[in-house]
Number of protein chains: 2
Amino acid sequence: MLRVLVVDDQALVRRGFAMVLSNEPDIEVVAEAGDGIEAIDAARTHKPDVILMDIRMPELDGLESTARILTEVGDETRIIILTTFDPDEYIYRALRAGASGFVLKDIPPETLVAAVRTVAAGGAMLDPTITRRLIARFAGELGTEQDYGERLDRLTVREREVLEAIADGKSNVEIADALFIGPATVKTHVSSVLSKLGLRDRAQAVVFAYECGLAKVGARDVGF
Amino acid sequence: MLRVLVVDDQALVRRGFAMVLSNEPDIEVVAEAGDGIEAIDAARTHKPDVILMDIRMPELDGLESTARILTEVGDETRIIILTTFDPDEYIYRALRAGASGFVLKDIPPETLVAAVRTVAAGGAMLDPTITRRLIARFAGELGTEQDYGERLDRLTVREREVLEAIADGKSNVEIADALFIGPATVKTHVSSVLSKLGLRDRAQAVVFAYECGLAKVGARDVGF
DNA sequence: TCGCGCCTCCCCTAAAAGGTGGAGGCCGGC
DNA sequence: GCCGGCCTCCACCTTTTAGGGGAGGCGCGA
């Protein structure tokens, strides 16, 4: 059962969203709040799975409220930002604040419900126009058309496995252990990885792995 | 009426998607293609509004095909990339190639239909996990910055500079050169970075730098 | 069947990296 | 003034890497 908190200063809007969500068998609206302060209190009290958060509110706006809930209360709660108007001015702040969703209030009810389920499952849901903008920004950032994949393709399967292990911060001995082979073999593989990719040492190999997408930020725990 | 081209090397899958879409009153499947070459030809001939493009195909894969259609045929056509498996390895290339959507094949039919209408209207539709990744990348930090930031704060300014240089793939000598200090000094800094952060070697330091956001994917050129 | 690529392991050497301890200079707070 | 943190360097030592060989086994296609 997904536990949802609805935050909006307009009682009618609030009730509308709450009713739409309550109609779903797997969703329960555990509380409502009329401003940012109430929202933080309610988040602390009820620990909802998802919060629907309006931006324009008295006392404390939805973005500030979002940031404070995620840092002070806990980041297990997923927050979807709702807005009536043009998202331009808010979207960047919202994403930085840690929102998992950003949608316009005029979306159809089933989309809202889908958004709640999506963010609860760890995904993110943005308004399509925002997604497009993010993509454009992202694609623009990656200026050079170099295809690192091609360089990766030159590696054998085993070598790629070794490279992944290197990008995991493992030493040769640890790699040998993980792949059930001898340390000498690992050294052989490491050498061919470096020479095939034109790298000098394993540190550069780690950089390469991250840059070409073989290693992904957030996909691991830096515990070492 | 939205004119759609369906591209997939598996005829059954292709027909399935085509039938789902054809059931919609405002959508018409104008052509189907079984590989990337056929896709380009069909795009040139029919000028569809939206193309559903599988990635894995003989001759020319979906990503290459996407890039060529957008550059050679025209960019009025919106392209949605479909994949069965883990999107991680393809997503960066897909977005760079200019795709407007990237979804897994296991989405419910109504979502697929919604995706087609969304991208045709100028929006973008990504799988929720990808959206989340994009947001994380955009925000640059997102939670993890808190934890790792604390560990980063233990470093002095100079040590952080050295760590950045390490994350750039530089050797100790190169770092000394870049910072106008002696190699021995670099070794001192490297040692304190490793011990302060609880890391074993510079490869782990590179991993740490990427994970905590000190180094960012795409912010550099892997030329070495 | 023969070759070829891949995986496995061994030898050797040289270079780089990491650990420890110490030293001097500089600056800011107590 | 004195102390402490920071930056700068040095020397000595051990461990880890990287490079260059070679070699056997195995599967697969010519």
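The basis for the numbers below is simple: all heavy atoms, side chains too, and nothing from hydrogens, waters or symmetry mates. Order of the sequence lines fixes the chain letters, A, B, ..., with proteins taken first and strands second; residue numbering starts at 1 for each chain.
- Listed pair B:His189 / D:dT8 meets the phosphate criterion, a side-chain N or O lying under 4.0 Å from OP1 or OP2.
- Per the geometry, NZ belonging to B:Lys170 stands 18 Å off C1' belonging to C:dA17, to the nearest Å.
- Here C:dC12 presents its P atom at 13 Å from NZ of A:Lys187, a figure rounded to the nearest Å.
- Within 6.0 Å of atom CZ in B:Arg15, 12 or fewer heavy atoms from other residues, nucleotides or ligands are found, so the atom counts as exposed in its surroundings.
- A sub-4.0 Å separation between OP1 or OP2 of D:dC7 and a side-chain N or O of B:Thr185 is absent.
- Atom CZ of B:Arg202 and atom P of C:dA15 are 18 Å apart (whole Å).
- Counting to the nearest Å, the C1' atom of D:dG5 and the CZ atom of B:Arg158 are 16 Å from each other.
- Put simply, B:Asn172 has no side-chain N or O that comes within less than 4.0 Å of OP1 or OP2 on C:dA16.
- Applying the 3.5 Å distance criterion, the base of D:dC7 shares no donor-acceptor pair with the side chain of B:Thr188.
- Spacing between atom NZ of A:Lys196 and atom C1' of C:dC7 amounts to 11 Å, rounded to whole angstrom units.
- At whole-Å resolution of the value, CG in A:Asp177 and C1' in C:dC9 are 16 Å apart.
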- salt bridge (charged side-chain N to carboxylate O under 4.0 Å, His left out) between B:Arg14 and B:Asp54, intermediate numbers included: CA-CA 9 Å; B:Arg14 207 163 61 217; B:Asp54 187 30; over 6 Å; no
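- OP1 or OP2 of D:dC7 sits under 4.0 Å from a side-chain N or O of B:Thr156.
- The distance between atom CZ of B:Arg200 and atom C1' of C:dG18, rounded to the nearest whole Å, is 12 Å.
- Across all their heavy atoms, A:Ala120 and A:Val50 have their closest contact at CB-CG2, 3.8 Å.
- B:Val162 pairs with exactly one of B:Leu179, B:Val157, B:Leu155, B:Asn172 by the side-chain contact (heavy atoms from CB on, under 4.5 Å) rule, that one being B:Leu179.
- The distance between atom CD1 of A:Ile175 and atom P of C:dC9, rounded to the nearest whole Å, is 14 Å.
- For the atom pair CG of B:Asp61 and CD of B:Glu64, the computed distance is 6.5 Å after rounding to the nearest 0.5 Å.
- Nucleic acid contact for B:Val190: sugar-phosphate only, since backbone atoms but no base atoms lie under 4.0 Å from a heavy atom of the residue.
- Residue order along DNA chain D, read from the 5' end via each residue's closest nucleotide, puts B:Ala184 first among B:Ala184 and A:Asp201.
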